[in-house]
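See below for the structure under consideration.
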Amino acid sequence: MSIFEYNGSAVVAMVGKNCFAIASDRRLGVQLQTIATDFQRISKIHDHLFIGLSGLATDVQTLYQRLVFRHKLYQLREERDMKPETFASLVSAILYEKRFGPYLCQPVIAGLGDDNKPFICTMDSIGAKELAKDFVVSGTASESLYGACEAMFKPDMEAEELFETISQALLSSVDRDCLSGWGGHVYVVTPDEIKEKILKGRMD
């Protein structure tokens with residue numbers, strides 16, 4: 001078993017019309033043993049920027065703390081929030097700094113940039129970015145997430161339809177992966193508001 005599969009995870013981000021959604025499962029496990037059913041994988045950096053981290057839970061928490069620290073320094077120096085593209089470059093640089101002893105996580109970054117244009121990307125554990133115009137996934141449920149998102153995604157979805165699509169894609173995917181599950185945590189972000197919803201899983 002890969003160390004990336006040790007705790008299990010599923011993270012997905014999807015773009016809509018001037019909005020984006022990011023979702024993750026809630027299971028924290030040690031291989032096939034479930035430890036917690038309310039683990040937080042998605043974190044808010046600011047109102048228009050979120051990051052989801054799949055992989056080893058200890059590295060997820062350590063990397064998140066470093067990113068919050070670096071974003072606060074940026075806010076103090078620049079007196080503004082980071083753009084999603086700038087934040088993605090920061091995450092990539094931090095991961096590449098540790099390439100010989102990497103953080104064992106795979107980030108998914110989602111945000112609203114200039115003119116409320118949605119931005120999503122993912123990267124591997126040493127910071128190689130993969131940009132997308134529709135959706136990105138990471139975690140142990142990646143294969144089933146790709147299939148579900150390919151089948152369900154439509155361009156220019158409004159916020160409500162985007163929420164339904166990403167929720168159904170996540171729940172149907174984690175049902176096919178024994179290392180992730182126990183419902184989901186979904187954020188849908190528009191220029192004006194953030195909607196947060198906890199999804200009940202089949203086991204709840």
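Computed from a prediction, not measured in an experiment: that's the story for all the values here.
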Subject >> T34 and R27: CA distance, side-chain angles, deciding distance, side chain to side chain donor-acceptor pair (under 3.5 Å) verdict >> reply: CA-CA 7 Å; T34 299; R27 178 184 184 269; 3.0 Å; yes
**OP:** Decide yes or no on side chain to side chain contact (heavy atoms under 4.5 Å, CB included) for I198 and H185, but give the supporting numbers first.
**Re:** CA-CA 5 Å; I198 303 290; H185 204 159; 3.6 Å; yes
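With hydrophobic clusters built from ILVMFWY side chains whose heavy atoms lie under 4.5 angstrom apart, V136 shares a cluster with V189. F50 and F135 fall within a single hydrophobic cluster, where Ile, Leu, Val, Met, Phe, Trp and Tyr are joined by side-chain heavy atoms under 4.5 Å apart, directly or via other members. In this structure, F87 is a member of the same hydrophobic cluster as V68, with clusters built from ILVMFWY side-chain heavy atoms closer than 4.5 Å. Cluster annotation: F163 and L112 are assigned to the same hydrophobic cluster (Ile/Leu/Val/Met/Phe/Trp/Tyr, side-chain heavy-atom contacts under 4.5 Å, transitive). Taking hydrophobic clusters as Ile, Leu, Val, Met, Phe, Trp and Tyr residues chained together by side-chain heavy-atom distances below 4.5 Å, V137 shares a cluster with V188.
Here the side chains of L179 and L32 are in contact, with some heavy-atom distance below 4.5 Å. Side-chain contact check for L162 versus C19: some heavy-atom pair is nearer than 4.5 Å. Residues S125 and F4 are in side-chain contact: their nearest non-hydrogen atoms beyond the backbone lie under 4.5 Å apart. When side chains are defined from C-beta on, R41 does not count as touching V60, because their heavy atoms never get closer than 4.5 Å. No side-chain heavy atom of V11 sits less than 4.5 Å from a side-chain heavy atom of S142. Side-chain contact between W182 and F39 is absent, with no heavy atoms from C-beta onward closer than 4.5 Å. Proximity of I42 to Y187: side-chain heavy atoms (C-beta onward) are separated by under 4.5 Å at one or more points. Between Y103 and I94, the closest side-chain pair of non-hydrogen atoms falls below 4.5 Å.
At distances below 3.5 Å, not a single donor-acceptor pair connects side-chain atoms of S9 with backbone N or O atoms of S54. A donor-acceptor contact shorter than 3.5 Å is absent between the side chain of D25 and the backbone of G184. A donor-acceptor pair under 3.5 Å is formed between the side chain of S92 and the backbone N or O of G127. With T86 contributing its side chain and M82 its backbone, the two residues share no donor-acceptor pair below 3.5 Å. Not one N or O on the side chain of D59 forms a donor-acceptor pair closer than 3.5 Å with the backbone of C105.
Here L90 contributes atom CG and H71 contributes atom NE2; the two are 9.0 Å apart, rounded to the nearest 0.5 Å. Summarising the geometry, atom CG belonging to N7 is positioned 9.0 Å from atom CD1 belonging to I35; distances are rounded to the nearest 0.5 Å. The CG atom of D47 lies 4.5 Å from the CD1 atom of I194; values are rounded to the nearest 0.5 Å. One finds the OG1 atom of T140 at 10.0 Å from the CD atom of Q106 (value rounded to the nearest 0.5 Å). D134 contributes atom CG, which lies 6.0 Å from atom CD1 of I120 (distance to the nearest 0.5 angstrom). If you take CE on M157 and CZ on F20, they are separated by 14.0 Å, rounding to the nearest 0.5 Å.
Among all heavy-atom pairs drawn from S180 and A141, the shortest one is OG-CB, 3.7 Å. I51 approaches I22 most closely through the heavy-atom pair C-CD1, 4.2 Å. Here the closest heavy-atom approach between residue S173 and residue A148 is recorded as OG-CB, 3.5 Å. Closest approach of S24 and L170 over heavy atoms only: O-CD2, 3.5 Å.
Taking the charged nitrogens against the carboxylate oxygens, K154 and E161 do have a contact shorter than 4.0 Å, which makes a salt bridge. Ionic pairing of K117 and D114 is not present here: no N-O contact between side-chain nitrogen and carboxylate oxygen is shorter than 4.0 angstrom. Using a 4.0 Å cut-off between charged nitrogen and carboxylate oxygen, E78 and K83 do not count as a salt-bridge pair.
The environment of E97 atom CD is dense: over 12 non-hydrogen atoms of other residues, nucleotides or ligands sit within 6.0 angstrom.
Taking the centre and axis of the six-membered ring of Y96, the NZ or CZ atom of R99 falls inside the cone set by 45° and 6.0 Å.
No donor-acceptor contact under 3.5 angstrom links the side chains of T122 and K129, judged on distance only. Using modelled atom types and a 3.5 Å distance limit, the side chains of H46 and Q75 yield no donor-acceptor pair.
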